There are 2 protein chains.
Amino acid sequence: MKNDCSCEHCKLRSLFFFHTSADVLELMCENKTERQYDKGEVIIWEGSEIKDFIYLKSGLVKLSRKGTDGKDQIISFAKPFDFVSLLSVFSSSIYNYTVTALDSTIICAIDLEKLKAVALKNGEFTMGLMNRVSEATDRIILNNLDIRRKNLKGRVAHVILYFAHYVYKDTRFELPILRREIAEYIGMTTENVIRTMSEFRKDGILKFDGKEIEIVNERLLESVSEHG
Amino acid sequence: MKNDCSCEHCKLRSLFFFHTSADVLELMCENKTERQYDKGEVIIWEGSEIKDFIYLKSGLVKLSRKGTDGKDQIISFAKPFDFVSLLSVFSSSIYNYTVTALDSTIICAIDLEKLKAVALKNGEFTMGLMNRVSEATDRIILNNLDIRRKNLKGRVAHVILYFAHYVYKDTRFELPILRREIAEYIGMTTENVIRTMSEFRKDGILKFDGKEIEIVNERLLESVSEHG
DNA sequence: ATCACAATGTGATAATTATCATATCAGCTT
DNA sequence: AAGCTGATATGATAATTATCACATTGTGAT
């Protein structure tokens with residue numbers, strides 16, 4: 001937990017703020033805390049009070065929610081440049097989702113009251129913030145719509161391509177989530193996700209090597225993602 | 001299409017803005033257009049340029065999107081006090097959804113460039129705006145998650161209860177959408193929605209009289225909504 | 001190393017939902 | 001009034017997905 005004002009040179013800075021006026025810089029430097037989480041650690045608990053505005057500096061997380069039936073549902077995944085403090089922060093005082101690290105993850109937390117105080121005085125800053133929040137929530141909604149259109153095979157293909165294209169930018173990567181978590185994300189059962197991935201392997205679309213996954217036939221996987 | 005600055009007394013005003021400073025009042029009075037749409041008319045076309053910030057004054061609308069396969073998906077419904085210009089407006093220059101009136105509807109349109117100009121100078125106004133946008137998109141995401149947890153019967157029950165509780169605040173109302181539109185909203189087929197509603201009728205949960213629908217056994221409908 | 005436990009993997013069967021076919025009904029036009 | 005069209009309605013069947021049962025593999029703790 002350091003506070004060396006390294007954000008002055010942080011790559012993320014430009015994404016959050018149009019200008020970096022004196023009050024915004026002070027907010028970031030004096031009132032931010034950096035925290036590191038290991039894979040599997042919970043960063044935010046559903047139901048806890050929102051005290052900070054949080055964003056990802058590095059790593060990968062999942063946003064999930066416990067249904068009334070006790071079953072978890074995964075809302076979305078987020079990597080740096082995606083916001084984490086998306087939902088709730090400006091419309092609720094309580095988080096209505098849990099954020100869990102899927103990999104070693106570093107977050108920056110800015111005291112929410114102080115951020116709001118700056119935002120009230122600085123429209124430019126607030127507009128930048130709103131742009132980001134709007135963009136990130138849009139992506140969640142549209143992605144969920146996209147998944148809803150597809151059948152089991154298409155949904156599984158969608159998730160694998162999501163990690164390949166959007167997160168790792170490689171056709172070979174270590175899958176950061178369990179089969180069960182894929183199921184929680186796409187709204188199918190764990191068994192069927194496993195079965196589908198086995199089929200992809202048998203069909204020569206995927207190769208597994210421990211946690212490693214390799215997309216052998218990307219074109220076919222994309223076709224499956226579109227047309228089942 | 002009138003412009004008599006009636007927003008000064010508009011009930012909605014308090015919801016959008018914390019304070020109504022001079023610049024905000026001028027924005028609303030000088031740069032707003034009021035438009036009326038009949039049931040079925042399209043207010044915003046998917047793919048069109050975003051020129052205005054739009055909100056509902058009265059009526060009811062649906063937000064929908066045409067999938068790559070040509071099939072419509074309904075994202076959400078909105079009534080006054082829900083925003084319409086939720087998604088896209090602050091993160092895109094093009095609407096990625098269509099807004100259609102489900103009933104006679106009046107909207108207010110504020111020139112987006114002028115709104116942005118005010119927002120840049122007025123952090124308080126922008127914060128109020130962000131609160132609203134965040135609240136509305138949160139509701140869409142959580143509602144979709146809720147529907148995803150349920151089976152066919154539960155989803156149909158959910159939609160009927162949504163209109164009863166949230167829109168009409170009555171157990172008897174005129175259903176503003178077709179069976180097909182319920183299907184497009186919950187991701188099931190039209191036939192199965194029709195079948196399910198017929199079952200509800202046969203089971204004494206619902207009564208139909210033309211377009212009118214009456215919830216006879218609300219407790220049972222709620223139970224079906226929760227546990228299928 | 002062994003035990004315990006969770007994750008992966010696979011098959012058989014049941015339940016759910018989609019598809020296709022066809023009928024009736026309501027509203028609208030001529 | 002007749003004819004057209006889209007919405008509602010219903011049944012039979014096919015396709016998809018869930019459930020249950022059980023085997024195997026992997027992983028962490030002692």
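These numbers were taken from a predicted model, which means no experiment stands behind them. Values below: every heavy atom of this structure, side chains too, minus hydrogens, waters and symmetry copies. All chains are named by letter (A, B, ...) in the order of the sequence lines, taking the proteins before the strands, and each is independently numbered beginning at 1.
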Legend entry - Contact list for residues 169-214 of chain B, test ring-ring contact (aromatic ring centres under 6.0 Å, His included), sequence neighbours left out: B:Phe77-B:Tyr185, B:Tyr168-B:Phe173
Inset, instruction - Go through the side-chain N and O atoms of A:Glu41 and A:Thr100 and say whether any donor and acceptor fall under 3.5 Å apart. - result: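 No, no side-chain donor-acceptor contact under 3.5 Å.
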Inset, instruction - For B:Arg148, enumerate each residue passing the side-chain contact (heavy atoms from CB on, under 4.5 Å) test, keeping only those at least two apart in sequence or located in another chain. - result: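 Only A:Gln73, A:Asn144, B:Leu145 meet the side-chain contact (heavy atoms from CB on, under 4.5 Å) criterion with B:Arg148.
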Inset, instruction - List in chain and number order the residues that pass side-chain contact (heavy atoms from CB on, under 4.5 Å) with A:Lys211, two or more places apart in sequence or in another chain; answer none if no residue qualifies. - result: A:Glu174, A:Leu178
Contacts of type salt bridge (charged side-chain N to carboxylate O under 4.0 Å, His left out), residue [X], not counting sequence neighbours:
X: B:Asp69; value: A:Arg149
X: B:Arg139; value: B:Asp82
X: B:Glu212; value: B:Arg172

Inset, instruction - Compute the angle between the rotation axes at the two ends of the helix from C:dA1-D:dT30 to C:dT30-D:dA1, each taken over five pairs, rounded to 10 degrees. - result: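 Roughly 50° between the end axes, to the nearest 10°.
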Legend entry - ring pair (Phe, Tyr, Trp, His ring centres under 6.0 Å) against B:Tyr166, all qualifying residues, sequence neighbours excluded: B:Tyr162
Inset, instruction - Map A:Asn192 and B:Glu199 onto DNA chain D by nearest heavy atom, then report which one ends up closer to the 5' terminus. - result: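 The answer here is B:Glu199.
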Inset, instruction - Shoot me the first and last contacting nucleotide of DNA chain D against chain B, ordered 5' to 3', at under 4.0 angstrom to non-hydrogen atoms. - result: D:dA7 to D:dA12
Only distances under 3.5 Å count here; give the side-chain donor-acceptor pairs of residues 218-228 of chain A to other protein atoms, sequence neighbours excluded, each with its distance to 0.1 Å.
residue: A:Glu218; atom: OE2; partner: A:His165; partner atom: NE2; Å: 2.6
residue: A:Ser225; atom: OG; partner: A:Lys150; partner atom: NZ; Å: 3.0
residue: A:His227; atom: ND1; partner: A:Ser223; partner atom: O; Å: 3.3

Any N/O pairs under 3.5 Å between the protein and nucleotides 7-9 of chain C? List them or say none.
residue: C:dA7; atom: OP1; partner: A:Arg180; partner atom: NH2; Å: 3.2
residue: C:dT8; atom: OP2; partner: A:Arg179; partner atom: N; Å: 3.2
residue: C:dG9; atom: OP2; partner: A:Arg179; partner atom: NE; Å: 3.4
residue: C:dG9; atom: OP2; partner: A:Arg179; partner atom: NH2; Å: 3.3

Inset, instruction - Sort and list the pairs that fulfil side chain to side chain donor-acceptor pair (under 3.5 Å) and have at least one residue in residues 188-197 of chain A, not counting sequence neighbours. - result: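 For residues 188-197 of chain A, and leaving out neighbouring residues, the side chain to side chain donor-acceptor pair (under 3.5 Å) pairs sorted by first residue read A:Thr189-A:Asn192, A:Asn192-A:Arg195.
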